[in-house]
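Worksheet: the structure to be examined is printed underneath.
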Number of protein chains: 2
Amino acid sequence: MPTGDHMTPEEFREAGHAMIDWIAEYMQQVEEFPVASRVEPGEVRAMLPAHPPEQGEPWSEIAADIDRVVMPGITHWQSPNFFGYFSSNSSGPSILGDLLSTGLGVQGMLWATSPACTELETHVLDWLVDILGLPAAFASDSKGGGVIQDTASSATLAAILTARERATDWLSNAEGAKGPLVAYTSSQAHSSIEKSAMVAGIGKNNVRMIDVDSAFAMRPQALAEAITADRAAGRTPFFVCASLGTTSSHAFDPLASIAEITQREGLWLHTDAAEAGAMLACPEFRHLAEGMEAADSFCFNPHKHLLTNFDCDAYFVRDREALIRTMSVLPEYLKNEQTMAGKVIDYRDWHVPLGRRFRALKLWFVIRHYGVEGLRSYLREHVRMAQLFASWVDQDPDFEIFAPHPLTLICFRHRSDDATNRELMQRLNDSGELFLTHTVLNDQFILRMAIGGAKTTESHVQRAWEKIRAMATELST
Amino acid sequence: MPTGDHMTPEEFREAGHAMIDWIAEYMQQVEEFPVASRVEPGEVRAMLPAHPPEQGEPWSEIAADIDRVVMPGITHWQSPNFFGYFSSNSSGPSILGDLLSTGLGVQGMLWATSPACTELETHVLDWLVDILGLPAAFASDSKGGGVIQDTASSATLAAILTARERATDWLSNAEGAKGPLVAYTSSQAHSSIEKSAMVAGIGKNNVRMIDVDSAFAMRPQALAEAITADRAAGRTPFFVCASLGTTSSHAFDPLASIAEITQREGLWLHTDAAEAGAMLACPEFRHLAEGMEAADSFCFNPHKHLLTNFDCDAYFVRDREALIRTMSVLPEYLKNEQTMAGKVIDYRDWHVPLGRRFRALKLWFVIRHYGVEGLRSYLREHVRMAQLFASWVDQDPDFEIFAPHPLTLICFRHRSDDATNRELMQRLNDSGELFLTHTVLNDQFILRMAIGGAKTTESHVQRAWEKIRAMATELST
């Protein structure tokens, strides 16, 4: 192959089969790697030439650098011993769906630029309404609908923008409002809520972090009082984000009580269930989302707990016209017969980016491969393992559980000081045998055990607990 | 495989090899499909079951639906006869890079969550500074740096947000400004500029669409006058977006003259070269970007003309601290040793989403496979074909060229009325043999011939021109 030439179909087949084999092998061996990468800052770059090659290189040399350059710098999110942050699930059907999307190379900004990309997305998101038991108002045969965003950050941004526009005569700034707009979320909410408010120009000073109760859930009374105080000061409350399963401790804000307030006050209610939302597939967990009927918008990430590769956030709204009115700018070069006839969805008007990948494919493949029953079993097994882990912690006098744990995140700590717990986490992560992250609750350093790996089994959880206990004993003696 | 089970490595290998073969075959046969999909609205959804399957389905049934359900609804962006919008390039090495990213399943929000994901991105974006001859201030060893965004829309949003913060004491709203903030771009600029201003809360009424000259490029004098008028009215000019290669007609705003104004006035200068930016790899085209030394930010899309699959926008800034200060919110659960030591880049602070894919892989593979010389040859061949097409149009008394065409977009029309040109485009697209889109320039309906397909050769361009002429003759007689 002379330099600069395209791969021939034969070369692509050969390299592609080898890449598939490499991934299959990786999936089998991932457990053997230290979970967190051990490179020092700058170590990966030091292996790379300062300047790009003038002439093309043989594929064999490029592929060899995957193991030489890339792998040492990988933190193995797909390891069954990865318990940090929240999981970022993957699965065979999802990888194949993403590969098909890349291979087709379509850009689905408009219905017309690949009708299948739009229609499959609408359809699969309607399936999710069905699977999760979401309000019928979020389905496309109502006035609402769903769309795939890259992340929950972008979904929250879409929600806050639509709420801002509804509150300000659709002028795209705050001119239409009486006084500054004010947004509300709990002090435990994800950082993306504050970031979205910053992006939308609401102002850092106009985001209220509402107090939480002993379960780290928003106190509705505190929310009501804050709204009253802001109105009295001439400001305009417009947006509340309730969290279902906070990142810090999996707290569930009392949605029904919050919804009473937002309905009475005429505020937008967004529900961020980025990680825990998938669990609504199981009817026994739906009580955690009671009050959803009144939400204006809802998002969760199939890429967190639903076996669908990053990136894939499912965002649902009750009033799609409001979202479209917020996001739409229609230049001449995007006009086409179907758009102008108003007969189709153009998803470019449902988010910030214009272009979009065919992300519905991976979700479609996952739902069909596992079936709804298969997905439910998978989710229930994670909850079972997490509750088992919690029971072990609970029975150990040297440890304590620090927050309610209805699903798959266990917040716990060794009964000692912050420094010891910090050192414990560091040593566990340095061992390479598992990976945990932390949070701070009530000013104390807390370990987070997040169970959600696609290949995590009870034996992985058990070995993790044994390692945690052994390391703690080592540290205490 | 019982319902709900993961694919075994063997099942994944088999299905993966088949998917690679399917894509290889698709790449060979893509020319044989009608370029634009012929389905009617609703036709794809009508083939799908109303409810998701309770039990998992065999992979063979899922895979069979690619041809049955998906393919009729595809508009073939990878066809060598696709001349609409701007191309969305693809290539073997890029598909493999994206596949590897999906297979690794890492989430690179922080350096620590996969150091290779961050360091390879920084490195490859430094290579792009080198390849495109961009100002040294955009490289990571200066105070600037590059980051991959999904699309130019998101890059422009990052630019306008940083400019807004710089102009308003970093309060994330307009409270710090004297009077409303005002942004400027040309009347021919991409719709994403106006959309970004709307998202950032600048307000539709505070975006000035500056007049263009006969070449559809921004008139610097008109810009200067608008700024003066806004200042006189008590408003605060803060941001100018110059376009290098507009979507409508490939107009190049006079960057050097605009930069003189933004420097004098202390405004942020963003440069949107989404499609044409790749051409800066060829020194002979760099005169089109003269004045870039003074730009605060610049973006272009490797996913448009540089053989790297969507999504991949490269965004460069002169002052990375300003960008990070605009985007950063650091909750406890994201703190880690390397971040706190300030020794590393955490790209989550360089854009709106928190999570991120390992997108540098595909760009790395493309640059290494083709080599810089290979990429230059590829780009030059597209320019050569476009200029050849322009010469044919120019020599034909029935057609006229409607805008300057320094690179790969030819705006032309049949010397008749709008209705005839519209009908001409419709019939050409209905033929399935090629795909064109349109714009409006000087109130006239104009055909756009955008040359940028990875597999487009002179014979495809020639057949397109013959078809256009023949269809026009048929219409005129």
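Naming: A, B, ... by sequence-line order, numbering from 1 per chain.
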Chain A interface, residue from B:I74, B:V199, B:N309, B:L330 that has the most non-hydrogen pairs under 4.5 Å: B:V199
Among B:E57, B:E54, B:E61, the one residue meeting salt bridge (Lys or Arg N to Asp or Glu O under 4.0 Å) with A:R368: B:E57
Test salt bridge (charged side-chain N to carboxylate O under 4.0 Å, His left out) applied to B:R45 and A:D126, step by step: CA-CA 11 Å; B:R45 288 200 70 174; A:D126 278 353; 2.9 Å; yes
Donor-acceptor pair, side chain of B:W127 and main chain of A:P49, under 3.5 angstrom: yes
Top contributor to chain A interface from B:R376, B:K343, B:M327 [non-hydrogen pairs under 4.5 Å]: B:M327
Most contacts with chain A, counted as non-hydrogen pairs under 4.5 angstrom, among B:A200, B:P9, B:P52: B:P52
Side chain to side chain contact (heavy atoms under 4.5 Å, CB included) evaluation trace for B:I23 with A:L99: CA-CA 9 Å; B:I23 292 170; A:L99 172 56; 3.7 Å; yes
Shortest non-hydrogen contact from A:L96 toward B:G16: CD2-CA, 3.6 Å
Heavy-atom contact with chain B under 4.5 Å, split by part of A:A36: neither
Chain B interface, residue from A:T326, A:T247, A:D313, A:N301 that has the most non-hydrogen pairs under 4.5 Å: A:T247
Interface moiety of A:V344 toward chain B, non-hydrogen atoms closer than 4.5 Å: side chain
Closest-packed option against chain A by number of heavy-atom pairs under 4.5 Å, given B:N89, B:I66, B:L375, B:T437: B:I66
B:I95 and A:F12: CA distance, side-chain angles, deciding distance, side chain to side chain contact (heavy atoms under 4.5 Å, CB included) verdict: CA-CA 9 Å; B:I95 293 171; A:F12 175 76; 3.9 Å; yes
Distance (rounded to the nearest 0.5 Å) between B:W22 CH2 and A:R13 CZ: 12.5 Å
Student check: side-chain heavy atoms of B:D98 and A:R357 closer than 4.5 Å: yes
Contact origin within B:T113 toward chain A - heavy atom pairs under 4.5 Å: both
Side chain proximity check, B:Q426 to A:E337, heavy atoms < 4.5 angstrom: yes
Winner by heavy-atom pair count (cut-off under 4.5 Å) against chain B, out of A:G203, A:G42, A:S94: A:G203
Region of B:H190 in contact with chain A, defined by heavy-atom distances below 4.5 Å: both
Among B:L100, B:L104, B:V70, residue most engaged with chain A (heavy-atom pairs, under 4.5 Å): B:L104
Test side chain to side chain donor-acceptor pair (under 3.5 Å) applied to A:E332 - qualifying residues, sequence neighbours left out: A:K335, B:H438
Atom group of B:S328 that falls short of 4.5 Å from chain A, counting heavy atoms: backbone
Minimum heavy-atom distance between A:D150 and B:P353, given as atom pair plus value: OD2-CG, 3.2 Å
Donor-acceptor under 3.5 Å (A:S88 side chain, B:G105 main chain): no
B:V39 side chain reached by A:W111 side chain, heavy atoms, under 4.5 Å: yes
Contact origin within B:Q107 toward chain A - heavy atom pairs under 4.5 Å: both
Proximity breakdown for B:D21 and chain A, heavy-atom pairs closer than 4.5 Å: both
Side chain B:W59, main chain A:P93, donor-acceptor under 3.5 Å: no
Parallel, tilted or perpendicular: ring planes of A:H17 versus B:H17, cut at 30 and 60 degrees: parallel
Contacting moiety of B:V352, where chain A heavy atoms sit under 4.5 Å: both
Pick from A:V124, A:D311, A:L120, A:L307 with the largest number of heavy-atom pairs that fall under 4.5 Å of chain B: A:D311
Proximity breakdown for B:L157 and chain A, heavy-atom pairs closer than 4.5 Å: side chain
Heavy-atom closest pair, residues A:L334 and B:Y85: CD2-CE2, 4.1 Å
Over all atoms of both residues, closest heavy-atom pair of B:P41 and A:Q338: CG-CG, 4.4 Å
Most contacts with chain A, counted as non-hydrogen pairs under 4.5 angstrom, among B:R356, B:E25, B:K362, B:Q149: B:R356
Region of A:F310 in contact with chain B, defined by heavy-atom distances below 4.5 Å: both
Interchain contact, A:S192 with chain B, by part (heavy-atom threshold 4.5 Å): neither
Any B:D5 side-chain heavy atom under 4.5 Å of A:Y370 side chain: no
Option that, when pairs with chain B are counted at under 4.5 Å, heavy atom only, ranks first among A:T118, A:N336, A:D130: A:D130
A:L48 and B:W364, any side-chain heavy atoms less than 4.5 Å apart: yes
Heavy-atom pair of closest approach, residues A:E119 and B:E40: OE2-O, 4.2 Å
Pairs of heavy atoms under 4.5 Å with chain B: top-ranked of A:T439, A:T102, A:T151: A:T102
Top contributor to chain B contacts, counting heavy-atom pairs under 4.5 Å, from A:F445, A:F358, A:W77, A:Y26: A:W77
Any donor-acceptor N or O pair under 3.5 Å, side chains A:H6, B:Y378: no
